[in-house]
Amino acid sequence: MQKTAFITGITGQDGSYLSEYLLSLNYKVTGLVRRNSVAENQDYRLLNINGIEVMYGDILDQSSLLNALNKFKPDEVYNLAAQSHVRISSEIPYFTSQVNAIGALNMLEAIRVSCPGVRYYQASSSEMFGQNIDNDGFQRETTKMNPVSPYGCAKLFAFNMTCHYRNAYGLNAANGILFNHESPRRGSNFVTNKIVKAAVLIKKGKLNKLELGNLDSFRDWGHSYDYVRAMHLINNAPVVSDFVVATGESHSVREFCAYVFKKLELDYKDYVTQNPKYMRPEELKVLRGDSRKIRQELGWIPNYNFEALLDELVDYWLSKL
Ligand code: NAP
Ligand code: GDD
């Protein structure tokens with residue numbers, strides 16, 4: 001029988017890739033879309049994807065969540081809705097906490113009262129670890145969590161609530177602890193697309209400098225397409241539990257710049273400057289994930305490495321600009 005998935009945050013980077021992936025597996029794909037004053041901005045990432053059914057709603061509007069669950073009767077729920085920008089979360093900490101923490105609680109409560117049997121995926125984040133790293137240099141499911149941003153604190157609340165609803169009420173609720181993942185559909189104020197877009201504009205003579213924040217932070221960057229496959233595996237795992245999803249490779253923002261500019265036959269040092277505006281009140285210095293659990297238990301393997309991801313971003317911006 002055809003399965004139905006319900007996705008909050010369906011208009012985002014991951015929501016769009018997850019929709020495509022689930023449609024390719026013959027799911028009925030449904031989702032929640034926020035009302036936007038410019039209607040064209042509501043679902044531009046979904047415009048080329050046929051067969052999705054959406055409803056207006058908001059993760060902060062409990063009635064819209066209950067209406068959607070009653071209407072779509074999903075087998076699987078993916079809660080991807082979030083204010084997902086870490087630095088901006090320091091400018092709008094209250095709003096970020098509402099959406100990322102209380103929003104997840106709203107979804108869990110809506111499921112508990114209306115459809116407690118569904119499989120529930122919570123979009124948790126490596127930002128929850130803060131500066132904690134195990135002695136071998138990796139973060140994993142057992143690593144202590146001490147977030148260093150309003151975003152990370154709110155995500156940790158949602159993570160804990162997801163575990164609590166699983167333990168207390170028997171919900172099939174799981175966390176994916178995902179490390180950074182990117183794609184051409186990533187918002188261009190995240191560092192990856194910000195760098196690549198600017199480097200291509202510089203190459204084309206349309207820009208002459210790129211202002212960044214901390215060049216010496218390290219991230220474990222993967223591709224969104226690989227990571228939405230992991231979400232589906234987690235939501236169909238034989239035993240409901242939490243999984244880290246990561247490539248295991250970590251690179252600095254500086255290395256990212258060097259690779260992209262070199263590919264365009266430029267030297268990043270000639271163009272990149274630091275602007276305190278893009279620094280964070282507390283920087284998370286290093287992320288590097290150990291994803292052995294999902295690889296061994298669910299057979300997940302990423303297709304993209306660091307270079308393949310960056311090559312795709314460069315090709316995308318070269319063709320777009
Ligand atoms: P994204 O592109 O920023 O998408 C966020 C989505 O949430 C958008 O569809 C947005 O809708 C929606 N949303 C925001 N506020 C909402 C609200 N109040 N009610 C309903 N929907 C709301 O983020 P992403 O990269 O796809 O990430 C997906 C999820 O994974 C997020 O929860 C993020 O925090 C988490 N995550 C991401 C990464 C990563 O590296 N990408 C890593 C770990 C965890 P609009 O289009 O209307 O704004
Ligand atoms: N955005 C941005 N802009 N980041 C910059 C800049 C800049 O101008 N300059 C340096 N950086 C550094 C940040 O300080 C951070 O260390 C790194 O680049 C990555 O920043 P982002 O791309 O904004 O991602 P993030 O790591 O803060 O958060 C992303 O990954 C999390 C998982 O670890 C987001 O996708 C979160 O939603 C996600 O949970």
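Numbers for residues simply follow the sequence, beginning at 1. Only heavy atoms go into these numbers, but all of them, side chains included; no hydrogens, no water, no symmetry mates. Note that ligands are numbered from 1 as they come in the structure, with each ligand's atoms numbered from 1 the same way.
- Looking from atom 16 (O) of ligand 2 to the surrounding protein, the closest heavy atom is Ser217 OG, 2.6 Å.
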| message | Pair His251, Tyr259 - check ring-ring contact (aromatic ring centres under 6.0 Å, His included), show working. | response | CA-CA 11 Å; His251 297 272; Tyr259 183 93; 8.9 Å; no
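- In summary, of the residues considered (Arg288, Glu255, Lys285), a side chain to side chain contact (heavy atoms under 4.5 Å, CB included) with Phe218 occurs for Glu255 alone.
- Looking at Asp14 and Ser224, their side chains do bring a donor and an acceptor atom within 3.5 Å of each other.
- Protein heavy atom closest to atom 1 (P) of ligand 1, with residue, atom name and distance, is Ser84 OG, 3.7 Å.
- Which parts of ligand 2 touch Glu127 is read off a 4.0 Å heavy-atom cut-off, strictly below it: atoms 33 (O).
- Remark: ligand 2 atoms within the under-4.0 Å shell around heavy atoms of Gly213 are 6 (C), 8 (O), 9 (N), 10 (C).
- Against a heavy-atom cut-off of under 4.0 Å, Ser84 is close to the following atoms of ligand 2: 34 (C), 36 (C), 37 (O).
- His181 CE1, 3.8 Å is the protein heavy atom nearest to atom 37 (C) of ligand 1.
- Residue contacts with ligand 2, taken as heavy atom pairs separated by less than 4.0 Å, involve Arg219 solely via side-chain atoms from C-beta onward.
- When each atom of ligand 2 is checked for a heavy atom of Ser125 under 4.0 Å away, the hits are 31 (C), 32 (C), 33 (O), 38 (C), 39 (O).
- Atom 33 (C) of ligand 1 has its closest protein heavy atom at Tyr151 OH, 3.5 Å.
- Looking only at atom types and distance, the side chain of Lys71 has no donor-acceptor partner in the side chain of Thr30 under 3.5 Å away.
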Exercise for the section: Go through Gln98 and Tyr94 one step at a time and tell me if the side chain to side chain donor-acceptor pair (under 3.5 Å) criterion holds. Expected result: CA-CA 6 Å; Gln98 287 288 328; Tyr94 182 82; 3.2 Å; yes
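- By the criterion of a heavy-atom distance under 4.0 Å, both the backbone and the side chain of Leu212 are placed next to ligand 2.
- Tyr17 carries Arg185 over the face of its six-membered ring, with the cationic atom under 6.0 Å from the centre and within 45° of the normal.
- Close approach of ligand 2 to His85 (heavy-atom distance below 4.0 Å) involves ligand atoms 1 (N).
- Proximity of Tyr151 to ligand 2 is established by a heavy-atom distance of less than 4.0 Å.
- Nearest protein heavy-atom neighbour of atom 28 (O) of ligand 2: Val86 CG2, 3.4 Å.
- One side chain, Thr247 or Asp220, offers a donor N or O that lies under 3.5 Å from an acceptor on the other.
- Counting only heavy atoms of the protein, atom 30 (O) of ligand 1 lies nearest to Ala123 CB, 3.4 Å.
- The shortest N or O to N or O distance between Asn180 and ligand 2 is under 3.5 Å.
- Residue contacts with ligand 1: Ser126 is excluded, as none of its non-hydrogen atoms falls under 4.0 Å.
- In the vicinity of Glu283, heavy-atom distances shorter than 4.0 Å reach the ligand 2 atoms 14 (O).
- Counting only heavy atoms of the protein, atom 10 (C) of ligand 2 lies nearest to Asn214 O, 3.2 Å.
- Of the N and O atoms on the side chains of Glu127 and Ser149, at least one donor lies less than 3.5 Å from an acceptor on the other residue.
- The closest protein non-hydrogen atom to atom 1 (N) of ligand 2 is Asn189 O, 3.0 Å.
- In terms of protein heavy-atom proximity, atom 29 (C) of ligand 1 is closest to Leu80 O, 3.3 Å.
- Distances from ligand 1 to the non-hydrogen atoms of Arg186 include at least one value under 4.0 Å.
- Closest to atom 11 (N) of ligand 2, if we only count protein heavy atoms, is Val191 CG2, 3.7 Å.
- For Phe256 and Trp221, the gap between ring centers is short of 6.0 Å.
- Contact annotation: for Met279 versus ligand 2, there are no heavy atoms closer than 4.0 Å.
- Counting the atoms of ligand 2 from 1 in the order shown, those under 4.0 Å from a heavy atom of Lys194 are 7 (C), 8 (O).
- Within the listing of ligand 1, atoms 40 (O) sit less than 4.0 angstrom from a heavy atom of Asn180.
- Between the side chains of His232 and Asn236, a donor-acceptor pair is found at a separation under 3.5 Å.
- Using 4.0 Å as the threshold, Arg186 has a heavy atom nearer than that to some atom of ligand 2.
- The option from Asn189, Ile59, Val99, Asn41 that lies nearest to atom 20 (C) of ligand 1, judged by heavy atoms, is Ile59.
- With no hydrogens or angles considered, no side-chain donor-acceptor pair links Trp300 and Asp226 at under 3.5 Å.
- Assignment of Arg87 to the shell around ligand 2 is not supported, since no heavy atom sits closer than 4.0 Å.
- At a heavy-atom cutoff of 4.0 Å, ligand 2 is contacted by the side chain of Leu287 but not by its backbone.
- Distances from ligand 1 to the non-hydrogen atoms of Lys155 include at least one value under 4.0 Å.
- Taken together through direct or relayed side-chain contacts under 4.5 Å among Ile, Leu, Val, Met, Phe, Trp and Tyr, Leu80 and Phe95 form parts of separate hydrophobic clusters.
- Among protein heavy atoms, atom 21 (P) of ligand 2 sits closest to Arg280 NH2, 3.8 Å.
- At the top of the distance list for atom 11 (O) of ligand 1, counting protein heavy atoms only, stands Thr11 OG1, 3.3 Å.
- Atoms of ligand 2 found under 4.0 Å from any heavy atom of Ser126 (numbered from 1 in listed order, with element): 32 (C), 33 (O).
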